[in-house]
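Accompanying notes for the structure given below.
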Amino acid sequence: GAVVSQHPSRVICKSGTSVKIECRSLDFQATTMFWYRQFPKQSLMLMATSNEGSKATYEQGVEKDKFLINHASLTLSTLTVTSAHPEDSSFYICSAGPGLGITAEGTQYFGPGTRLLVL
Amino acid sequence: QKEVEQDPGPLSVPEGAIVSLNCTYSNSAFQYFMWYRQYSRKGPELLMYTYSSGNKEDGRFTAQVDKSSKYISLFIRDSQPSDSATYLCAMSANNFNKFYFGSGTKLNVKP
């Protein structure tokens, strides 16, 4: 149980294009999903917290117009990197949790990550 | 001062050794404590979860939380080469609240 998927797992795009990343909780519903960014050999950096049906809360320094987050249902959140530039190249990971009635309080379950390369 | 401090390692041990990984924190409001294992280029995998203080054991893994000292530990017994990964501690104050992560400790278990 408590499986989170991400799609795509890897994407290469040209500078100036937009990229959408999907995060799904497959076997549980989660009111809250989180989006992280991770640079090589570094820990996870929280970008935003997303609650179903409401606007995402962005961390300081994260441009909300550049990283658009939509949380349409209890099992799906999307991150769109708009007008991507090479400096946006990174490993993006989502998490979901806790799962309503399934996972323990306070826990988060992570997706496998999406590697974005902007040329 | 960071909210959560964790020695980045790398920590290199022989197969079969007992491994001790630790984190310290400054926020006394933290109640939920997790350990995640992350293999290279993969998402973190939840290993252990503890609410408030105490010990928890699951197979070769034992998690300890000492709230009075603001110190948490993860012990791995009979370590295996497949345990080689980066171990992240994470904690939060409330349910549905954001996590605070340690920087991760890179562990290498040599055959």
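In the text below, chain A, chain B and the rest are named by the order of the sequence lines, each starting its count at 1.
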Would you check if the side chain of B:Ser52 reaches a backbone N or O of B:Gln31 as a donor-acceptor pair within less than 3.5 Å?
no
Between B:Gln6 and chain A, with a heavy-atom cut-off of 4.5 Å, which part of the residue counts as in contact: side chain, backbone, both or neither?
neither
Against chain A, work out which of B:Ala90, B:Gly104, B:Gly102, B:Gly43 has the most heavy-atom pairs shorter than 4.5 Å and name it.
B:Gly43
Turns out that what part of A:Glu59 lies under 4.5 Å from chain B's heavy atoms comes down to side chain
Flag side-chain contact, heavy atom, 4.5 Å: A:Cys23 against A:Leu79:
no
Less than 4.5 Å to any heavy atom of chain A: does that hold for the side chain of B:Tyr36, its backbone, both, or neither?
side chain
How about A:Phe67 and A:Tyr58: are their ring centroids closer than 6.0 Å?
no
Between B:Glu5 and B:Lys70, is there a side-chain N and carboxylate O pair less than 4.0 Å apart?
no
